[in-house]
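Below: the structure, in C-alpha cells.
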Amino acid sequence: QLQPVESGGGLVQPGGSLRLSCAASRFTLGNYVIGWFRQAPGKEREGASCISRSGGITNYADSVKGRFTISRDNAKNTVYLQMNSLKPEDTAVYYCAASIGVCTVVATTYRYWGQGTQVTVSS
C-alpha cells in the first residue's frame, strides 16, 4: 500500500513554529498533488493546504493563510508545511495525503493517506 509518512510534530508554545515533513519511500510524491489536513479531538478533518505537482500552485484554508507555508522538494521526495505563529486552536493530528487530481483542500479527492503526526500548541 502506498502511504506517505509525516514527521516533525511536537509540543510548541503559542506563537511558536514547527515544520512538518511528508515523505515517501515506495512512490514518487512528485507525481501527485499533496495536501495537508488536520483533525482536532471531537472535530471533523479539515484541509489546511495543498501544493501542485510542480509546486507552482498552492492553496490554503482561511484559518491558516498567512501563517502556514507549503513547499516541496521533488528531488528529496518530500513536502513540507512550515507553520508559524501557532495558536492553541492549531492543535490537531496533521496528515499528508496524495491525490491524482487538482490542488484542493477537499479531503475526498485524496487517495493515499499517512498515519499523521501530533501537533500540540500549549503554554
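None of the values given here were measured: they were computed from a predicted structure.
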- Message: Checking the side chain of Gln115 only, and the main-chain atoms of Glu6 only, is there a donor and an acceptor separated by less than 3.5 Å?
- Response: no
- Item | Test item: Asn74 and Arg53 side chains (from C-beta on) under 4.5 Å apart, heavy atoms | no
- Task: Applying ring-ring contact (aromatic ring centres under 6.0 Å, His included), name anything that partners Phe37, two or more places apart in sequence or on another chain.
- Result: Tyr110, Trp113
- Task: Side-chain contact test, heavy atoms from C-beta onward, threshold under 4.5 Å: evaluate it for Val79 versus Trp36 and give yes or no.
- Result: yes
- Could you please spell out the steps behind the side-chain contact (heavy atoms from CB on, under 4.5 Å) verdict for Ser99 and Arg111? CA-CA 6 Å; Ser99 169; Arg111 179 177 298 182; over 6 Å; no
- Min side-chain heavy-atom separation Ser49-Leu81 under 4.5 Å: yes
- Within-4.5 Å side-chain heavy-atom neighbours: Thr69 and Tyr80: no
- Taking atom CD1 of Ile70 and atom CD of Gln82, what is their separation to the nearest 0.5 Å? 12.0 Å
- Note on the structure: Closest non-hydrogen atoms of Ala92 and Ala40, given as atom of the first, atom of the second and distance, are CB-N, 3.8 Å
- Thr91 side chain reached by Val119 side chain, heavy atoms, under 4.5 Å: no
- Item | Pairwise side-chain contact, Phe68 with Asn84, heavy-atom cut-off 4.5 Å (strictly under) | no
- Item | Interatomic distance, Ile57 atom CD1 to Asn59 atom CG [nearest 0.5 angstrom] | 8.0 Å
- Message: Measuring from atom CZ of Arg19 to atom OG of Ser7, what distance do you get when rounded to the nearest 0.5 angstrom?
- Response: 9.0 Å
- Roughly how far, to the nearest 0.5 Å, is the CD1 atom of Ile34 from the CZ atom of Arg72? 5.5 Å
- Message: Check this for me: Glu89, atom CD, are more than 12 non-hydrogen atoms of other residues, nucleotides or ligands nearer than 6.0 Å?
- Response: yes
- Asp90 and Lys87 ion-paired at < 4.0 Å: no
- Trace of the side-chain hydrogen bond (donor to acceptor under 3.5 Å, both in side chains) decision for Asp73 with Thr78: CA-CA 5 Å; Asp73 185 340; Thr78 304; over 6 Å; no
- Donor-acceptor contact present, side-chain Thr117 to main-chain Gly9, <3.5 Å: yes
- Query: Can you list the steps and then say if Arg38 with Tyr95 is a side-chain contact (heavy atoms from CB on, under 4.5 Å)?
  - Reply: CA-CA 6 Å; Arg38 63 187 186 180; Tyr95 301 88; 6.0 Å; no
- With Tyr32, which residues qualify under ring-ring contact (aromatic ring centres under 6.0 Å, His included), at least two apart? Phe27, Tyr112
- Query: Taking C-beta and beyond as the side chain, do Glu46 and Gln39 meet within less than 4.5 Å on heavy atoms?
  - Reply: no
- Query: Side chain of Ser52, backbone of Cys103: donor and acceptor closer than 3.5 Å?
  - Reply: no
- Message: A side-chain contact here means heavy atoms from C-beta on lying under 4.5 Å apart; do Tyr94 and Met83 qualify?
- Response: yes
